[in-house]
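A short write-up of the structure that comes next.
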Amino acid sequence: MFTNIGTRCLQALKKPCKIAPYILFLCACFLNVHLPAVFLPYEIVTVRGYPRVVFGVVTAVYPLTNGICAFFNKEIIDRIRIPYKKAVLVCGIFSFLLSLIFALNISNSLVFVIMLGVTRFILGAVQGVTEPYTIAKVCQLLPESLGMATGLGEMALCFGTGLGPVLGSVLYEWGSLTTPFIASGAAVLACTLLIQ
């Protein structure tokens, strides 16, 4: 009797352990994108003197690119023929390398805004491919509970979106402009390595 209970408990624990890296990866991706939400308006408009519309355009680049790439996810994956784990690894490496660009502490305002737009475009494309792929992977691991699988993906989105601005503002105050970018890039890379 106790053996059966122990076996069931172990089986129940196996699935969360398998799913956790995927959920953490999704959470880190959304955190990475929403981290600058609090300090970027201040940095672009107040510190660098650009009109608010520039901030609006830079902000819009990521969700638009992400949405288009997510919609054409299957076509992109079929065309580049990259396995899931390699796609995630590429996403993690890109996220980290792009965050390192801000370690240069770009003083030229025009270069800063252009680089910000370009990095958000690349992140939108790379994460737009890997995020639906990851949610599909979670659904494969929970075929008997697709509602829970998609709910976990939504939970990761909400946690990343909610934690991003809080952590971003703390890291910005505690460190500098470069600190939040490097920390979030490192988080995505670390979660990527959990999946490998």
- Message: Set out, in order, the CA-CA distance, both residues' side-chain angles and the distance that settles side-chain contact (heavy atoms from CB on, under 4.5 Å) for Leu100 and Thr178, then state yes or no.
- Response: CA-CA 8 Å; Leu100 287 180; Thr178 64; over 6 Å; no
- Query: Where do Lys85 and Ile195 come nearest, in terms of heavy atoms and distance?
  - Reply: CE-O, 3.4 Å
- Distance, nearest 0.5 Å, that separates NZ of Lys137 from CG of Leu142: 13.0 Å
- Item | Reported CG-to-CD1 distance for the pair Leu97 and Ile122, which is rounded to 0.5 angstrom | 10.5 Å
- Query: To the nearest 0.5 Å, what is the distance between CD (Gln127) and CZ (Phe30)?
  - Reply: 8.0 Å
- Query: Do the side chains of Leu64 and Ile114 join up, straight or via other hydrophobic residues, at under 4.5 Å, putting them in one cluster?
  - Reply: no
- Note on the structure: Distance col, row Tyr50:OH vs Glu43:CD, nearest 0.5 angstrom, shows 12.0 Å
- Task: List in chain and number order the residues that pass side-chain hydrogen bond (donor to acceptor under 3.5 Å, both in side chains) with Tyr42, two or more places apart in sequence or in another chain; answer none if no residue qualifies.
- Result: none
- Before giving the answer on side-chain contact (heavy atoms from CB on, under 4.5 Å), spell out for Val188 and Phe96 the whole-Å C-alpha distance, their side-chain angles and the decisive distance to 0.1 Å. CA-CA 7 Å; Val188 175; Phe96 186 65; over 6 Å; no
- Could you tell me the separation between the OG atom of Ser95 and the CG atom of Leu123, rounded to the nearest 0.5 Å? 5.0 Å
- Query: Looking at side-chain heavy atoms only, is the closest gap between Leu110 and Arg48 below 4.5 Å?
  - Reply: no
- Message: As a quick check of understanding, evaluate side-chain contact (heavy atoms from CB on, under 4.5 Å) for Leu31 and Phe159, giving each step before the final call.
- Response: CA-CA 8 Å; Leu31 184 139; Phe159 276 28; over 6 Å; no
- Message: In this structure, would Leu98 and Phe181 fall into the same cluster of hydrophobic residues linked by side-chain contacts under 4.5 Å?
- Response: yes
- Heavy-atom pair with the smallest gap, counting every atom of Gly162 and Val166: O-CG2, 3.7 Å
- Query: Which pair of non-hydrogen atoms, one from Pro180 and one from Leu35, has the smallest distance, and what is that distance?
  - Reply: O-CD2, 2.7 Å
- Item | Distance-only side-chain donor-acceptor flag, Tyr84 / Thr134, under 3.5 Å | yes
- Going only through I, L, V, M, F, W and Y residues with side-chain contacts under 4.5 Å, is there a path from Leu116 to Val118? yes
- Write down the atom of Thr130, the atom of Cys91, and the distance for their closest heavy-atom approach. OG1-SG, 3.6 Å
- Are Phe71 and Val61 co-members of a hydrophobic cluster defined by side-chain heavy atoms under 4.5 Å apart? yes
Compile the donor-acceptor pairs under 3.5 Å between side chains in residues 21-29 and protein atoms, sequence neighbours left out, one pair per line.
none

- What are the two closest non-hydrogen atoms of Val45 and Phe55, and how far apart are they? CG2-CB, 4.5 Å
- Message: Any non-hydrogen side-chain atom of Val113 less than 4.5 Å from a side-chain atom of Val54?
- Response: yes
- Heavy atoms of other groups near Phe121 CZ, more than 12 under 6.0 Å: no
- Query: Do Val170 and Ile182 belong to the same hydrophobic cluster, where Ile, Leu, Val, Met, Phe, Trp and Tyr are linked whenever their side-chain heavy atoms lie under 4.5 Å apart, directly or via other members?
  - Reply: no
- Query: When rounded to the nearest 0.5 angstrom, what is the spacing between NE2 in His34 and CG in Leu167?
  - Reply: 13.0 Å
- Message: Please give me the minimum heavy-atom distance between Asn32 and Ser184, naming the atom from each residue.
- Response: ND2-OG, 2.9 Å
- Query: Is a side-chain N or O of Arg120 found less than 3.5 angstrom from the main chain of Val58, in a donor-acceptor match?
  - Reply: yes
